[in-house]
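Below is one structure; the comments refer to it alone.
Proteins get letters first, then strands, A, B, ... in listed order; numbering begins at 1 in each.
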Amino acid sequence: MEEKEPLNFIEHIIEDDLKASYTKDDLQFRFPPEPNGYLHIGHASSICLNFGLGLRYNAPVNLRFDDTNPAKEEQEFVDAIKKDITWLGYKWANECYASDYFQQLYDWAVQFIKEGKAYVDSQTSILIAEQKGTPNEPGVESPFRNRPVEESLQLFEEMKNGDAGEGSHVLRAKIDMTSSNMLMRDPVMYRVLHKAHHRTGTDWKIFPMYDWTHGESDYIEQVSHSFCTLEFLPHRELYDWFLDQVHESDKLRPKQREFARRNLSHTVVSKRKLARLVEEGVVTGWDDPRMPTISGLRRRGYTPDAIKNFADSIGVGKRENLIDVSHLEYNVREDLNKKADRVMAVLNPLKVVITNYPEGEEEWLEAENNPGDEAAGNREVPFSREIYIEQDDFKEEANRKFFRLKLGGEVRLKNAYIIKAEKAIKDDAGNIVEVHCTYDTDSKSGSGSEASLRKVKGTLHWVSVKHALPVEVRLYDRLFTEASPDTHKDKDFMEFINPNSLELITGYAEPSLANLKPEDTVQFQRLGYFTVDKDSSEEKIVFNRTVTLRDSWAKLDA
RNA sequence: AAACCUAUAGUGUAGAGGUAGCACACAAGAUUUUGAUUCUUGGAGUCCGGGUUCAAAUCCUGGUGGGUUUACCA
């Protein structure tokens with residue numbers, strides 16, 4: 001009980017509030033996406049943070065769509081977002097929409113006008129921007145700033161009724177044009193937009209701005225802690241100002257706190273940039289397995305646990321960061337190592353003929369599905385005179401560090417026999433096209449015979465030629481060659497696209513794989529984790545490589 | 001340029017005045033019918049300068065580096 005587990009700064013804030021005036025029942029959080037795109041790994045961190053807090057403190061977490069801009073938002077994204085959060089395994093307390101609060105927000109705004117806290121400005125956006133000044137120079141007040149309350153009221157009504165054109169007027173809060181915080185220089189609260197909203201249709205012709213909406217939505221829902229990323233820090237002053245105007249003392253007053261966005265190396269995490277990858281055809285869509293979107297990661301074979309463990313392990317702070325993608329990869333491997341069945345598939349086949357194995361004969365050998373998990377059971381794999389091994393697993397000559405097959409040398413075929421390479425057959429160009437081997441007839445795996453227990457250094461995976469199931473395999477690599485492609489001042493991130501982020505090959509798999517369904521994940525032994533893609537059909541299974549196995553040999557070799 | 005935020009091993013993150021920990025990455029070794037997994041071990045850090053204090057990663061101050069803000073987007 002007294003055991004102190006380390007807290008991140010967000011948890012410290014909550015613990016401090018709990019020691020002060022908050023009770024546990026006051027705690028409530030929210031995840032507030034704008035439905036204008038797909039969720040990505042950065043959102044996943046935020047989701048895990050907010051929903052994780054909800055679990056930790058047994059507090060409700062609302063899913064709230066920040067849908068105040070009908071020009072960008074669509075139902076399609078609402079559905080995709082809900083699907084992704086559910087897939088991650090989180091349950092929201094309430095499904096909320098900022099658009100549900102349009103009437104309340106409007107009523108408050110009218111009140112503001114009556115109290116002289118807001119006015120209708122009839123200038124162009126360009127003029128308003130000019131008058132805003134710069135961080136160094138104060139802004140100048142709009143000529144409409146002190147227009148009569150009745151006039152503002154009347155114009156606001158016209159804006160609302162659709163009698164005013166887009167851009168003709170805005171409603172502005174009357175705060176301080178000389179504030180050192182640009183956001184306090186009479187920020188826009190409403191603009192006119194004659195566009196259909198995905199939920200309210202054409203009921204509203206005016207739409208509230210983010211700053212005016214977000215804090216009040218938190219207040220309406222009685223969210224205790226509203227966590228957002230650091231770029232909203234300057235907005236906090238305005239968040240508080242708006243809240244000051246509407247807050248009633250018997251109600252909880254939400255507080256906004258900010259954390260640093262978490263960046264992942266070798267990718268980009270911005271909706272705009274991800275959209276460009278889609279639009280320019282660099283990837284096939286938002287759920288392309290190379291995309292850092294949740295739907296992309298899912299298709300790539302990532303599990304919810306892998307993503308959640310990743311998010312938890314990187315923590316949360318307030319400084320600029322770049323998390324190496326190897327950390328993400330570690331988390332999938334760790335999770336899949338426990339869950340994925342081990343199978344055999346050969347990606348770059350080299351035919352091996354076992355010359356002393358009877359022609360036409362075959363046998364089915366027992367194989368463990370997961371050595372770390374007895375409950376995973378066993379299966380049988382067919383063995384015969386002709387098999388495929390990986391091209392990389394054979395060399396005519398090699399030093400003793402090469403644990404694989406070489407002429408005159410022996411290796412164990414996983415779950416099968418020990419073989420010895422006798423002869424390499426080459427084509428006219430000198431390429432090895434086939435290897436002739438002999439097998440030790442007494443060395444069958446699991447037979448318990450003396451020969452079966454012999455220690456041979458190398459073990460290879462293999463597939464019987466006759467029984468091989470041809471499969472399409474998509475080998476994915478990182479999308480960018482640069483760790484931080486979008487922080488170069490003089491270069492566009494598109495210049496760093498990895499031309500080899502996808503390699504398409506045909507592999508040969510053991511027949512048991514014919515039964516797999518999309519999103520099933522297996523380990524191709526000695527190669528990596530692979531998941532069945534939704535592009536699979538009756539005729540052809542498609543596998544996506546989630547991640548390779550750790551490979552210390554590859555490092556030595558390189 | 002101004003205001004604000006920020007600075008702990010290569011990366012990320014703990015440490016709230018009292019022996020600088022953890023994870024990944026890296027290196028070495030053991031085990032291994034996956035060069036995987038597992039296990040053991042190792043190297044590696046408080047941005048710089050002042051101050052307060054018996055004692056500073058921690059508090060103060062000045063630099064320096066990085067970031068954010070200057071949308072009728074969120």
* Let me know the distance between CE of A:Met184 and P of B:A2, rounded to the nearest Å. => 23 Å

* Mark yes or no for a side-chain to base donor-acceptor pair under 3.5 Å between A:Arg404 and B:G35, with no hydrogen or angle criteria applied. => yes

* Is there a side-chain polar atom (N or O) of A:Arg261 under 4.0 Å from OP1 or OP2 of B:U68? -> no

* Ignoring the backbone of A:Met182, work out which of B:U70, B:C4, B:U34 is nearest its side chain. => B:U70

* Using a strict 4.0 Å threshold on nitrogen-to-oxygen distance, state whether A:Arg404 and A:Glu390 make a salt bridge. => no

* In whole angstrom, give the distance that lies between atom NZ of A:Lys318 and atom C1' of B:G12. => 18 Å

* **Aromatic plane relationship, A:Tyr388 with A:Tyr508 - under 30° parallel, 30 to 60° tilted, over 60° perpendicular** => tilted

* Asked: How far, in whole Å, is B:C60 from B:G21 if one measures between their C1' atoms?
  -> 27 Å

* To do: Hey, could you give me the NZ/CG distance between A:Lys205 and A:Asp163, rounded to the nearest 0.5 Å?
  => 10.0 Å

* Pairwise P distance for B:A74 and B:U69, with rounding to whole Å -> 15 Å

* Asked: Does B:U68 have a Watson-Crick or wobble partner in any strand here, with both distances under 3.5 angstrom, and which is it?
  -> B:A3

* Quickly work out the A:Leu7 CG to B:C22 P distance and round it to whole Å. => 18 Å

* So, is the end of the A:Lys271 side chain (NZ or CZ) under 6.0 Å from the ring centre of A:Tyr38 and within 45° of the ring's axis? -> no

* Pairwise P distance, B:G65 and B:C54 [rounded to whole Å] -> 35 Å

* Structure fact -> Out of B:C72, B:U68, B:A2, minimum distance to the side chain of A:Val170 belongs to B:C72

* To do: Remember a base hit wins even if backbone is also touched, and classify A:Phe232 as base, sugar-phosphate or nothing at under 4.0 Å, heavy atoms.
  => base

* **Whole angstrom value for the distance that separates P of B:G10 from CG of A:Asp324** => 14 Å

* Asked: Could one point to a donor on the side chain of A:Arg526 or the base of B:U34 with an acceptor on the other under 3.5 Å away?
  -> no

* With sugar-phosphate meaning primed atoms plus P, OP1 and OP2, does A:Asn36 contact a base, only sugar-phosphate, or nothing at under 4.0 Å between heavy atoms? -> nothing

* Polar side-chain contact A:Gln523-B:U34 base: donor and acceptor under 3.5 Å -> yes

* To do: Name the nucleic acid region contacted by A:Leu549, choosing base, sugar-phosphate or nothing; use a 4.0 angstrom heavy-atom cut-off, strictly under.
  => base

* Taking the side chain of A:Lys489 as heavy atoms from C-beta outward, which of B:C24, B:C72, B:G67 is closest to it? -> B:G67

* Please determine, for the side chain of A:Asp551, which listed nucleotide (B:G35, B:U37, B:U68) has the closest atom? => B:G35

* Looking only at side-chain atoms of A:Arg550, point me to the closest of B:A74, B:A2, B:A25. => B:A25

* Structure fact -> Hits for ring-ring contact (aromatic ring centres under 6.0 Å, His included) against A:Tyr439, two or more places apart or cross-chain, chain-then-number order -> A:Tyr357, A:Tyr417

* Asked: Has A:Tyr330 got a side-chain N or O lying under 4.0 Å from the OP1 or OP2 atom of B:C24?
  -> yes

* To do: Quickly work out the A:Ile10 CD1 to B:A14 C1' distance and round it to whole Å.
  => 15 Å

* Asked: Between A:Asp486 and A:Lys273, is there a salt bridge with N-O shorter than 4.0 Å?
  -> yes

* Structure fact -> Mate of B:G10 across any strand shown (Watson-Crick or G-U wobble, both atom pairs under 3.5 Å) is B:C24

* To do: For A:Val316, answer base if it contacts any base atom (sugar-phosphate contacts may also be present), sugar-phosphate if it contacts only those atoms, and nothing otherwise; contact means non-hydrogen atoms under 4.0 Å.
  => sugar-phosphate

* Hey, does the side chain of A:Arg172 come within less than 4.0 Å of B:C72's phosphate (OP1/OP2), counting only N and O? -> no

* Asked: If we take the C1' atom in both B:U8 and B:A2, what is their distance in whole Å?
  -> 30 Å

* To do: Find the distance between NE2 (A:His461) and CE (A:Met344) and round it off to the nearest 0.5 Å.
  => 8.5 Å

* **Distance below 4.0 Å between A:Arg342 side-chain N/O and B:U37 OP1 or OP2** => no

* Structure fact -> Quick note, A:Lys414 side chain, CB onward, closest among B:A74, B:G12, B:U33 is B:U33

* Stacking here means centres under 5.5 Å and planes under 30°; does A:Trp553 stack on B:G35? -> yes

* Asked: Below 4.0 angstrom from OP1 or OP2 of B:A74, is there any side-chain N or O of A:Lys72?
  -> no

* Roughly how far apart, to the nearest Å, are B:U34 and B:U41 at atom P? -> 24 Å

* **Given B:A16, B:C4, B:U34, the nucleotide with the shortest approach to the side chain of A:His12** => B:A16

* Is the phosphate of B:A74, meaning OP1 or OP2, less than 4.0 Å from a side-chain N or O of A:Thr68? -> yes

* Can you tell which of B:A74, B:G66, B:U70 lies closest to the side chain of A:Glu320? -> B:G66

* Donor-acceptor under 3.5 Å (A:Arg262 side chain, A:Gly315 main chain) -> yes

* **Interatomic distance at C1', B:G43 relative to B:A27, whole Å** => 8 Å

* Contact under 4.0 Å: A:Ser265 side-chain N or O vs B:U11 OP1/OP2 -> no

* For atom P, what is the distance between B:C22 and B:G62, given to the nearest Å? -> 36 Å

* Which of these nucleotides, B:A3, B:U34, B:A74, is closest to any side-chain atom of A:Ser180? -> B:A3

* Could you check how far CG of A:Leu238 sits from P of B:U69, rounded to whole Å? => 15 Å

* To do: Using a 4.0 Å heavy-atom cut-off across all strands, classify A:Arg412 as base, sugar-phosphate, or nothing.
  => base

* Structure fact -> Closest to the side chain of A:Asp66, out of B:A74, B:G35, B:U32, is B:A74

* Asked: Is there a side chain to side chain donor-acceptor pair (under 3.5 Å) between A:Ser142 and A:Gln123 once you walk through the steps?
  -> CA-CA 8 Å; A:Ser142 163; A:Gln123 303 181 97; 3.1 Å; yes

* What about A:Asn181: does its side chain form a donor-acceptor pair under 3.5 Å with the base of B:A3? -> no

* Using purine N1 to pyrimidine N3 plus N6-O4 or O6-N4 for Watson-Crick, or N1-O2 and O6-N3 for G-U wobble, both under 3.5 Å, which nucleotide pairs with B:G29? -> B:C39

* Structure fact -> To the nearest angstrom, the CD-P distance between A:Glu390 and B:U34 comes to 16 Å

* Examine B:C5: is either OP1 or OP2 under 4.0 Å from a nitrogen or oxygen in the side chain of A:Arg319? Give yes or no. => no

* If the C1' atom of B:C4 is compared with that of B:A57, how far apart are they to the nearest Å? -> 23 Å

* Base B:U34 to side chain A:Thr459, donor-acceptor N/O within 3.5 Å cut-off -> no

